[in-house]
There are 2 protein chains.
Amino acid sequence: MPRWPDDTRTRLVDAALTLFGETGYPSTTIDQIAAHAGVSARTFFRHFGDKEEVLFADDDALLPLLLDTIAGADEARAATAESLMHHALGVLADAIEPSRRELAARQRIIDSDVALAGRELAKQARWQSAVATALVARGFSDDDADVLAAIGFALFRRSLHTWLAANDAVSLRERVARALPRIRTVLDARPAHPASQSVTQMAASKTARIPSDSP
Amino acid sequence: MPRWPDDTRTRLVDAALTLFGETGYPSTTIDQIAAHAGVSARTFFRHFGDKEEVLFADDDALLPLLLDTIAGADEARAATAESLMHHALGVLADAIEPSRRELAARQRIIDSDVALAGRELAKQARWQSAVATALVARGFSDDDADVLAAIGFALFRRSLHTWLAANDAVSLRERVARALPRIRTVLDARPAHPASQSVTQMAASKTARIPSDSP
DNA sequence: CGTGTCATGACAGTTCATGACATCACTCGT
DNA sequence: ACGAGTGATGTCATGAACTGTCATGACACG
């Protein structure tokens with residue numbers, strides 16, 4: 001039997017999620033997390049570079065799956081960019097589906113803090129870049145790959161968000177599949193309302209102050 | 001004459017940009033910035049909530065312009081989502097064009113630090129959400145507005161990036177205008193290469209370790 | 001049995017961030 | 001003109017987030 005339990009890292013993550021959920025992210029201290037996990041604060045920083053990382057540590061687990069799906073899709077599924085996107089996002093959605101409860105809790109914490117939201121977005125940007133590279137490896141042009149990855153992630157992000165928020169039985173995979181065809185029609189959508197008074201002017205008429213540093 | 005100069009804020013921003021550029025963001029301390037600007041560290045925090053904010057303070061200056069452009073576009077320019085997007089992104093591009101040099105310097109600092117990149121992305125997410133709201137006010141459906149805003153920002157972000165990186169004479173407006181039509185064709189693009197060995201398997205063959213916590 | 005490794009604890013030190021309070025020039029009402 | 005604000009600032013104190021360094025004890029290996 002080892003002198004120290006070998007699940008220190010897991011217990012730190014659990015303690016952090018619990019305390020963040022109870023007390024809120026900013027008001028939870030490293031000392032509290034470490035004490036809750038039965039270790040010293042110094043040990044926390046040996047496992048995680050900073051306070052945020054405890055929420056993002058196991059975060060890239062699904063990226064290889066996504067990249068593999070793109071790299072390994074057969075001819076039929078990779079016939080066009082759209083079908084490839086449909087396939088890859090579907091696989092990702094299926095992989096995420098089981099952990100809905102933990103994801104929702106984690107999302108609630110992340111949404112509560114700007115810095116955390118920023119880090120989440122930075123992670124997504126890293127994923128997006130990796131996906132674009134994988135698409136280039138499949139023979140798409142740099143420009144196409146970039147636009148495709150951006151659109152795919154925008155779509156998936158929105159589907160994930162509504163899926164986490166809603167409580168109905170519609171699966172994440174189905175939400176993604178429904179959203180995908182919209183890209184084809186959205187550019188030709190026509191606004192229903194005419195031009196309105198400008199936002200700035202409305203703000204100015206309310207507060208009599210234009211947000212500018214000119215005197 | 002006032003006892004204290006009234007450009008403290010500006011001098012703090014200048015000092016911060018200078019020192020960040022020279023010493024790097026993490027190794028520049030608030031004390032150094034404050035000293036360089038001739039004030040105390042406490043004063044720094046009276047002007048900016050935290051160390052990061054000195055880089056993002058005047059950041060929402062162009063958002064009202066973008067929202068006004070969307071809200072006030074005439075019938076011809078708002079005929080379809082695509083033409084409205086073309087118009088709004090063009091106006092934004094023109095507004096940004098003159099400050100290319102400062103933007104590039106700022107971008108270099110932001111790219112050097114994950115937390116800063118995250119905050120920049122969070123800001124863009126805020127903009128994107130505001131734009132989607134403006135589009136809804138124009139009569140687009142929630143879903144369409146969201147997808148349009150996401151696509152528009154992805155496009156603009158990419159154009160801005162290449163524009164800052166390249167040194168040629170192609171204007172930002174022109175880059176955006178060139179990228180926009182691609183959305184219509186990109187979904188039907190066909191990958192040129194067949195399925196390849198999976199990324200994970202390649203990584204496994206190299207390191208003999210699959211990134212998973214299963215024993 | 002000796003030696004090295006590894007996760008950890010303990011302690012000190014730096015930086016960021018914030019609250020409490022004092023200061024000093026300027027402003028405004030009387 | 002004079003005294004009471006007002007506002008931007010400085011000084012001091014405190015807490016929390018990290019960081020460097022050294023000591024310790026169990027385990028692995030020969």
Side-chain angles (χ1 to χ4, degrees), chain A residues 1-20 22-57 109-110 112-119 122 209 213 215, chain B residues 1-20 22-57 109-110 112-119 122 209 213 215:
Chain A
M1 285 304 159
R3 170 76 180 83
W4 290 280
D6 54 353
D7 60 343
T8 304
R9 187 190 179 87
T10 308
R11 279 185 295 115
L12 279 170
V13 172
D14 289 345
L17 283 175
T18 303
L19 294 175
F20 289 164
E22 288 174 358
T23 325
Y25 176 78
S27 26
T28 302
T29 71
I30 305 282
D31 280 319
Q32 291 168 5
I33 300 172
H36 200 281
V39 298
S40 73
R42 192 68 186 86
T43 296
F44 178 94
F45 287 106
R46 289 210 179 84
H47 284 273
F48 308 99
D50 58 33
K51 186 180 175 182
E52 293 176 3
E53 199 183 325
V54 73
L55 283 169
F56 295 90
I109 299 172
I110 288 181
S112 75
D113 189 282
V114 191
L116 295 178
R119 187 144 173 176
R209 243 189 103 248
D213 46 0
Chain B
M1 287 299 159
R3 171 74 179 81
W4 290 282
D6 55 352
D7 59 345
T8 304
R9 187 189 179 88
T10 308
R11 278 184 297 115
L12 280 171
V13 172
D14 290 345
L17 284 175
T18 304
L19 294 176
F20 289 162
E22 288 173 359
T23 323
Y25 176 78
S27 28
T28 302
T29 70
I30 305 282
D31 280 321
Q32 290 168 7
I33 299 173
H36 199 282
V39 297
S40 75
R42 191 70 187 84
T43 296
F44 177 93
F45 286 107
R46 291 213 178 81
H47 285 273
F48 307 100
D50 58 31
K51 188 179 173 182
E52 293 177 4
E53 199 183 324
V54 72
L55 282 169
F56 296 91
I109 299 173
I110 289 181
S112 74
D113 189 280
V114 192
L116 296 178
R119 185 142 175 177
R209 245 189 101 250
D213 47 0

So do [Y] and [X] actually touch side chain to side chain, heavy atoms under 4.5 Å?
X	Y	value
B:Leu116	B:Tyr25	yes
A:Phe44	A:Asp31	no
A:Phe56	A:Ile110	yes
A:Gln32	A:Thr29	yes
A:Phe45	A:Lys51	no

Practice prompt. May I have the distance from B:Leu116 (atom CG) to C:dC16 (atom C1'), rounded to whole angstrom?
Written response: 14 Å
Worksheet item: Just how far, in rounded Å, is C1' of D:dT9 from CZ of B:Arg9?
Response: 16 Å
Worksheet item: Would you say a side-chain N or O of B:Ser40 is under 4.0 Å from OP1 or OP2 of D:dT11?
Response: no
Practice prompt. Ignoring backbone atoms, test whether B:Thr43 places a side-chain nitrogen or oxygen under 4.0 Å from the OP1 or OP2 oxygen of D:dA8.
Written response: no
Worksheet item: Near DNA chain C, under 4.0 Å by heavy atom, which residues of residues 25-39 of chain B?
Response: B:Thr28, B:Thr29, B:Ile30
Item to complete: Mind running a 4.0 Å heavy-atom check of residues 45-54 of chain B against DNA chain C and sending the residues that fall below it, in number order?
Response: B:Phe45, B:Arg46, B:Gly49, B:Asp50, B:Lys51
Fill in: From CD1 (B:Ile30) to CG (B:Leu19), nearest 0.5 Å
10.5 Å
Discussion item. Could you measure the distance from the CG atom of B:Leu17 to the CD atom of B:Glu22? Nearest 0.5 Å is fine.
Written reply: 11.0 Å
Discussion item. Less than 4.0 angstrom from a charged side-chain N to a carboxylate O is my criterion; do B:Arg119 and B:Asp50 meet it?
Written reply: yes
Worksheet item: Any idea which of C:dG9, D:dT11, D:dT9 is nearest the B:Arg42 side chain?
Response: D:dT11
